[in-house]
2 protein chains.
Amino acid sequence: MNEQLAVGSAPQSVSDLLERLDATAGDMPKRLRDCASFTRRHLHLIAVSTVSDMARASGVAPSVYMRFCQALGFSGYSEMQSLFRARYTEFRPDYQERLATLEKEGVVGTGRLLADFAESGHRSLISLANTVTNESLDRIARGIASARVVHLVGLRRAFSVVSNMAYLFDQLGVPATLHYGVGMLNARGAIFPGDVVFAVTFAPFSPEVVRLVEAAAGQGVTVFGLTDSERCPVAEWATEMLIVREDEVAGFRAPTAAITLTTALAVAVSAVQRQS
Amino acid sequence: MNEQLAVGSAPQSVSDLLERLDATAGDMPKRLRDCASFTRRHLHLIAVSTVSDMARASGVAPSVYMRFCQALGFSGYSEMQSLFRARYTEFRPDYQERLATLEKEGVVGTGRLLADFAESGHRSLISLANTVTNESLDRIARGIASARVVHLVGLRRAFSVVSNMAYLFDQLGVPATLHYGVGMLNARGAIFPGDVVFAVTFAPFSPEVVRLVEAAAGQGVTVFGLTDSERCPVAEWATEMLIVREDEVAGFRAPTAAITLTTALAVAVSAVQRQS
DNA sequence: TCCTGGACGGAATTTTTATTCCAAACAGGT
DNA sequence: ACCTGTTTGGAATAAAAATTCCGTCCAGGA
């Protein structure tokens, strides 16, 4: 009486999927474990790839990948894929209709809210892994590591991001200055050649930050930027830009991806410094 | 001998596409202009949608959307789509090869670091969803919503968390004060009955925050707390405590779960206020 | 009013993709 | 070494998508 059908129901969210994956991957046959391993590291590809793509990338036959989806509780690849595609569309079929329900559910019911934000965090992290390249992160880490001091600049939504960096740099012994809005004008005088500016600004971009970046670049100071849009004016003066897009819930965004990225960056800087 | 083939070559990049779109949209027939209009506003959908999806969303028949793609210089929808999918896959074929290089870099190299932190973020979010109950979040939201003003207190690692809350409360029109370390002693005098204190502190706990909480509670002010351990001394004075545990990478933690939780909380507060 | 050329969208066709099936290979136990 | 239940991947099938075709509709000109 061997009942192994873990099937029950298909995961309804990325959280569900990840939990199920971790819970069952250990007991899977070899090739399915290959699927699990690749898939876990490249979740973001699912939305834009075909089964054969994923199968080839995992080093298995399409039919094997198919079984993998089913082992996770999905009816097939399409169902699993729709989980990831839903994030971009926010309303696939009949979006008029779903939009209405979204509005209706609204911001009410805080229970749902937390789950929504957690889910949204997962999505932001998935997209983060996909958009930021190791190379540019590495170049920035080296740039910061060799600076006399790094100036952290960010206002509004970006401020929590830079304040987190400031804390980490402090802990790690990396010389850093956190610029507060109030002191910004004075701060310009404190930036010298050999320093580096790390500026964070999200659309709509803070003019103060842009002005500071412009002034710093004018002095020949290296600028790195973090933003959420290709159109960010900081890009014009920056040696290197990082772009992360946060997923949103009812118009609100938590800076999950930005904080994660900058935390990794801070640790990377310290690693580079320790190497030399 | 009217050859009107504007085709020439297909756009090779998103910029090309946008240029072509803006240049030609004006001269297009009505329905094609509908396509252009919707597509311009929802470029990101192309990667994950079918022709019929895009056609329906644009309010036209699939064959019309097809002609739209061709008017832009593509051979069809698939070619246009591949332009957007390429962004995510960064070179479709030969995942094998890319995977190999990824694995080879190994544990060193910042590439792996970012992936590790992203992974760690997923874990933090999963644990967040499992440990925090909707009820306590709801009670805190109501408590804050009915306060004259909410005092946000947090130092070190917690500071980015409260600064994010401060930004959100400001945006949402919820009266809030962000307490900076420097002004903290003075700030005590600014807390009155009818206020609420929201204190964030992670182990090892900041004595300044604990003292402030103690003083506030002594005055009969309601205190809510967010921390990462049952042992947190704030619990003694707090009406309600939130506990989140962050996953760590090599001893470093990003405040992913805490930020996600407090963002949800801020939105919940605003929802409660709007209801009444 | 009639004619003409382009625009339109439903239906047919072709191509691609997902999914299932099955024979061969395999691992573990006897 | 032999049997047995599982895993595997190629081939067959089903489903869905993209793309083309073509009859109808509409606007503008004679």
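We name chains A, B, ... by the order of the sequence lines, and we start the count at 1 in each one. For clarity, every value in this text was computed on a predicted model and none was experimentally measured.
- Annotation: A/R156, atom CZ; neighbour count of heavy atoms from other residues, nucleotides and ligands within 6.0 Å does not exceed 12.
- Residues A/T50 and A/D53 have side chains that bring a donor and an acceptor to within less than 3.5 angstrom of each other.
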Next item on the list: Go through the steps to decide whether A/D138 and A/R142 satisfy the test salt bridge (charged side-chain N to carboxylate O under 4.0 Å, His left out), and finish with yes or no.
Entry: CA-CA 6 Å; A/D138 192 54; A/R142 287 174 198 286; 3.1 Å; yes
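- Looking at residues two or more places apart in sequence or on another chain, you find no side-chain hydrogen bond (donor to acceptor under 3.5 Å, both in side chains) involving B/S52.
- When the C1' atom of C/dA7 is taken as reference, atom CZ of B/R33 falls 12 Å away, rounded to whole Å.
- One atom, OH of B/Y65, and another, P of D/dA18, lie 11 Å apart when rounded to the nearest Å.
- Remark: the backbone N or O of A/I46 is paired with a side-chain donor or acceptor of A/Q81 at under 3.5 angstrom.
- Note on ring orientation: taking the six-membered ring where Trp is involved, the planes of A/H122 and B/H122 are parallel (angle under 30°, cut-offs 30° and 60°).
- Put simply, NZ on B/K30 is 11 Å from P on D/dA27, counting in whole angstrom units.
- Rounded to a whole Å, the CE atom of B/M28 is 11 Å from the P atom of C/dC8.
- Atom C1' of nucleotide C/dG10 and atom CZ of B/R31 are separated by 14 Å, given to the nearest angstrom.
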Between protein and nucleic acid, restricted to nucleotides 14-21 of chain C and to nitrogen or oxygen atoms under 3.5 Å apart, what atom pairs and distances do you find?
residue	atom	partner	partner atom	Å
C/dA18	OP2	A/V51	N	2.9
C/dA18	O3'	A/S78	OG	3.0
C/dT19	OP1	A/S78	OG	3.3
C/dT19	OP2	A/Y77	N	2.6
C/dT19	OP2	A/S78	N	3.3
C/dT20	OP2	A/Q70	NE2	2.9

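- The CE-P distance, from B/M80 to D/dA18, rounds to 11 Å in whole Å.
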